[in-house]
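What follows is a short report on a single structure.
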Amino acid sequence: MLYKFPKEKKLLKSREFKNVLDSGAKFILPELIIFSKPSDLESSRMGLIVTKKVGNAVIRNKIKRRLREVFRLCKTFDEGELPALDLVFIARQKAVTASYEKLTSSYEFALKHVIRRHSKTKKL
RNA sequence: UUUGUUAUGUGAGCUAUCGCUUUCUAAGCUGAUUUCAAAGGCUUAAGACAGAGGAAAGUCCGGACUUCCAGAGCAAAGAUACUGGUUAAUGGCCAGGCAGGGCAACCUGACGGAAAGUGCAACAGAAAGUAAACCACCUAAGCACCUCUUUAUAAGAGGCGCCGGAAAGGCUGAAACGGUGAGGUAAGAGCUCACCAGCGGUAUGGUGACAUAUCGGCUCGGUAAACCCUAUUUGAAGCAAGACUAAGUGGGGGAGGAUUCCUUUCUAAGGAGUAACACCUGCUCGGUGUUCCCCAGGUGAGUCGCUUGAGGUUUUUGGUAACAAACGCCCUAGAUGAAUGAUAGCUUCGGUGUGACUUAUGUCACACUAGACAAAAUCCGGCUUAUAGCGUAGCAAACUUA
RNA sequence: CGCGGGGUGGAGAAGUUUGGUAUCUCGUCGGGCUCAUAACCCGAAGACCACAGGUUCAAAUCCUGUCCCCGCUA
């Protein structure tokens, strides 16, 4: 069930995007910029931003698909403690040449930091 | 065989695991209330089918479809421009003519009109468009003068000037009022003749563009991708078109009034007129809306439109061809922060590297690498541009062998 | 989906309307002035006008196609 990716796990409206981008926490990687914000929903949701600077339509679609796979498959770790997050991925130009494994590892690395940061703010 | 040229095909495949979208089936929930129960809707770690391109791209043309009340006239503006055909339509396509390029196959061409009018041509040059002035040329006819011959005022020869002749020459320029040759003349000239180029008429062939032949008088520059003229043609906006539903509430728009005249009629109805502005690309007619009253936002909600269509294709027939017709067969994406994928393995086409055989081309084996351009967004017909690798067929030239 | 504007030395602009010479400012280089630097003065280099093709005697300018950049409407 965890590997499914229905519409409820996507950010679809520009309001939701704005909300995350304005008040969310920012984490920068060579391939990505990730905005995150805890939500009250049961599961995490994700949205994608790939600008025209990255490449043409074919390249942009490819990046989107890969990032969706990364989000879908890497959700398993920290199953019990995983809080529901709204995530927005902004692809940078290095994401074009980066391999799939590199994307997953960097995403996991970022998630750990993000979760730690959010738990700290909750405690405070 | 090499080089070239034209047309055209393909745009890697298979398996496993995990996912996405549409449709159908199955199950469940909802609809649903006292009971029974439908359409519809939703869900599913259930199953099945299908799921990007030759250019999906650029948005350069043409249509379908939809809305605008979209209708008439005039003007403006835009587009097109050899001829004939084809098509729903086109600026596309096919065939032909002409011009240019190429040894050739073949390719390229905004290819109507300059005797309707207006404009333009730097520098150079006598002159850049009406043709004349200027320089140089000639001195036959007329006038005047000078020199020589001569006895002489007359005659002859020569010279200069005026008037006159003059369509030839004038070094330039991208371009100068036909070109070359011969005759002709005081000097010259299509003034005359031959050939060539151009213009016009006639005849023949062709649907036509045009071609061929012949005759004529001799010549009337360039630029319309300058304005323009002629012919044909175009209403505007675009699927965020547009239609429906829900939510919300006061409602996405709503509600009325004044004055003049006429008719019926007796205080009501109908018709006409009256101010300003905006829109229908400009104007006129015509129409709609707003103001002279009031108030106010919000959403990018859902469903339909949405994919069977001027569809594709085998064969046959007509046509040189584009294309058309008949019969049979096939159904092939409908997403909306936007699906059609991710990962792993294998096989073939290639590329790179190494090794072996071989004079070399090449052949075999192993390893690495999955690699061009580029993704539907209402749908079709074209055009243009990008494109790795692998092909197929026709034709032309050169070379070699028989 | 439908439109508009632009591309000229290293930088920023004019010239395109009406076709014939590519100009200006800053910067660069050389020289002068100064003990030295700046400022100032003198001189020079640097552009096939985004790319390709066409019209014309002649194209940055006119026409056609392509590429890139910027912006707008609902």
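Just so you know, these numbers come straight off a predicted model, no measurement behind them. The sequence lines fix the lettering, A, B, ..., with proteins before strands; numbering per chain opens at 1.
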## Note on the structure
The glycosidic conformation of B/rU307, counting syn as within 90° of 0 and anti otherwise, is syn

### Query
Looking at the angle O4'-C1'-N9-C4 for a purine or O4'-C1'-N1-C2 for a pyrimidine, is B/rU147 syn or anti, with syn meaning within 90° of 0?
anti

Sort me out a list of protein N/O and nucleotides 343-345 of chain B N/O pairs below 3.5 Å, or just none if empty.
| from | atom 1 | to | atom 2 | distance (Å) |
| --- | --- | --- | --- | --- |
| B/rU343 | OP1 | A/R66 | NH2 | 3.1 |

### Task
Determine, using the 4.5 Å side-chain heavy-atom cutoff (strictly less than), whether A/L67 and A/V58 are members of one ILVMFWY cluster.
no

### Spacing between A/R68 atom CZ and B/rG19 atom P, to the nearest angstrom
16 Å

### Summary
Taken to the nearest whole Å, CZ/A/R60 to P/B/rG341 is 18 Å

## Note on the structure
Atom CD1 of A/I63 and atom P of B/rA338 are separated, to the nearest Å, by 14 Å

### Query
In whole Å, what is the span from the CG atom of A/N61 to the P atom of B/rA57?
14 Å

## Note on the structure
A/K64 NZ to B/rU336 P, in whole Å, measures 13 Å

### Message
Checking A/L87 against A/Y107 for the side chain to side chain contact (heavy atoms under 4.5 Å, CB included) test, could you report, in this order, the C-alpha distance in whole Å, the side-chain angles of both residues, the deciding distance, and whether it holds?
### Response
CA-CA 11 Å; A/L87 298 167; A/Y107 169 68; 3.9 Å; yes

### Message
Nearest whole Å is fine: how far is B/rA374 C1' from A/I59 CD1?
### Response
10 Å

#### Entry: B/rG54 glycosidic torsion: syn (within 90° of 0) vs anti
syn

### Message
Taking pairing as Watson-Crick or G-U wobble with both contacts under 3.5 Å, can you name the mate of C/rC62, or confirm there isn't one?
### Response
C/rG54

### Message
Just N and O in the side chain of A/R65: are any of them under 4.0 Å from OP1 or OP2 of B/rU340?
### Response
yes

